[in-house]
Asks: 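Here it is, the structure in full.
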Amino acid sequence: FGWLSDRISKKYLFGVALMMEGAGLLLFADTHTVRQVMVFALLFGPGYGGVAIMKLTMQGEYFGRRSFGSINGLLSGIHTVGTIIGPVLAGWLFDVRGSYSLAWLVLGGAVLAAVPLLVTAGDPPGSRVQAAETP
């Protein structure tokens, strides 16, 4: 994803990574065979890795070096809260429903819901797209 992001629009590449991650999570909600686990891994693994890389590259483009640490700290704090609350909620769902499927469906749906928001976001200041549109 890092190499591709030098050649393809970062926000669209980020969208592809999110779609792979979300699709993997939705598939995982109803996984019962080794083959399904392999398909999940082929979708989710590169998607998750792509999201990790693309988040940082886009963060740098949108906010620059000066704000990079502050923005990353804020995002890391939000991520940490999610990693604390998520497993507790998933465990509660398992206790109530006897399955983690709903947790995977909700998480996958939330990831996929972010895609339209991402791809319709404006371009970062000074991007090649903006420079090409300026007369």
Side-chain angles (χ1 to χ4, degrees):
F1 278 89
W3 177 81
L4 280 174
S5 73
D6 289 335
R7 290 151 181 80
I8 300 173
S9 169
K10 287 176 179 54
K11 69 180 179 182
Y12 295 119
L13 193 57
F14 196 171
V16 168
L18 281 172
M19 285 191 292
M20 290 173 69
E21 184 177 6
L25 289 167
L26 293 178
L27 174 67
F28 197 60
D30 192 39
T31 295
H32 303 288
T33 67
V34 172
R35 181 171 291 183
Q36 289 172 318
V37 170
M38 292 170 63
V39 174
F40 158 76
L42 288 171
L43 283 171
F44 182 81
Y48 184 85
V51 166
I53 296 297
M54 298 311 300
K55 178 183 76 104
L56 295 172
T57 60
M58 285 190 67
Q59 179 184 319
E61 280 195 3
Y62 276 84
F63 302 106
R65 289 186 208 174
R66 187 162 190 242
S67 302
F68 191 87
S70 298
I71 299 289
N72 199 46
L74 177 67
L75 292 175
S76 294
I78 293 167
H79 183 258
T80 299
V81 170
T83 59
I84 292 168
I85 295 171
V88 174
L89 289 175
W92 176 78
L93 281 171
F94 181 84
D95 290 344
V96 170
R97 300 182 56 98
S99 168
Y100 289 108
S101 292
L102 183 59
W104 298 125
L105 289 172
V106 169
L107 185 56
V111 169
L112 291 175
V115 174
L117 298 173
L118 174 69
V119 298
T120 59
D123 292 313
S127 72
R128 285 183 270 164
V129 174
Q130 282 186 340
E133 292 174 357
T134 305

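Excluded from the calculations below are hydrogen atoms, water molecules and symmetry mates; all remaining heavy atoms, backbone and side chain alike, are included. Just so we're clear, the structure is a prediction, and the values are computed from it rather than from any experiment.
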Asks: Looking at side-chain heavy atoms only, is the closest gap between V88 and I84 below 4.5 Å?
Replies: no
Asks: For the CG atom of D30 and the CG atom of L105, what is their distance to the nearest 0.5 Å?
Replies: 8.5 Å
Asks: Mind checking the OG1-OH spacing from T31 to Y100? Nearest 0.5 Å is all I need.
Replies: 15.0 Å
Asks: Taking the side chain as every heavy atom from C-beta outward, state whether L112 and L26 have any pair of such atoms under 4.5 Å apart.
Replies: yes
Asks: Hey, could you give me the CE/CZ distance between M19 and F14, rounded to the nearest 0.5 Å?
Replies: 12.0 Å
Asks: Identify the heavy atoms of G82 and P87 that sit nearest to each other, and give their distance.
Replies: O-CD, 4.1 Å
Asks: M20 and L42: which non-hydrogen atoms are nearest, and at how many Å?
Replies: CE-O, 4.1 Å
Asks: Indicate yes or no for a side-chain donor-acceptor contact from S67 to the backbone of S70 under 3.5 Å, with no hydrogens or angles considered.
Replies: no
Asks: Distance check, rounded to the nearest 0.5 Å: L102 atom CG versus L93 atom CG?
Replies: 5.0 Å
Asks: Would a hydrophobic clustering, with Ile, Leu, Val, Met, Phe, Trp and Tyr connected at side-chain separations under 4.5 Å, put Y48 with M38?
Replies: no
Asks: Starting from V51, can I reach I8 by hopping between I/L/V/M/F/W/Y residues whose side chains sit under 4.5 Å apart?
Replies: yes
Asks: Is the backbone of L27 close enough, under 3.5 Å, to the side chain of Q36 for a donor and an acceptor to pair up by distance?
Replies: no
Asks: Where do E21 and F44 come nearest, in terms of heavy atoms and distance?
Replies: CG-CE1, 3.5 Å
Asks: Any side chain to side chain donor-acceptor pair (under 3.5 Å) involving residues 75-84? Give me the pairs, sequence neighbours left out, ordered by first then second residue.
Replies: none
Asks: Which heavy atom of A17 sits nearest a heavy atom of F1, and at what distance?
Replies: CB-CE2, 3.6 Å
Asks: Establish whether L18 and Y62 are linked, either directly or via other cluster members, by ILVMFWY side-chain heavy-atom contacts under 4.5 Å.
Replies: yes
Asks: If we ignore hydrogens and angles and just use 3.5 Å, is the side chain of K10 paired with the main-chain N or O of T57 as donor and acceptor?
Replies: no
Asks: Same hydrophobic cluster for L118 and L13, using side-chain heavy-atom links shorter than 4.5 Å among ILVMFWY?
Replies: yes
Asks: Determine, using the 4.5 Å side-chain heavy-atom cutoff (strictly less than), whether W3 and V16 are members of one ILVMFWY cluster.
Replies: yes
Asks: Indicate the ring-plane relationship of W104 and F28, choosing parallel, tilted or perpendicular according to the 30° and 60° boundaries.
Replies: perpendicular
Asks: How long is the span from the CD atom in E61 to the CG atom in D123, to the nearest 0.5 Å?
Replies: 9.0 Å
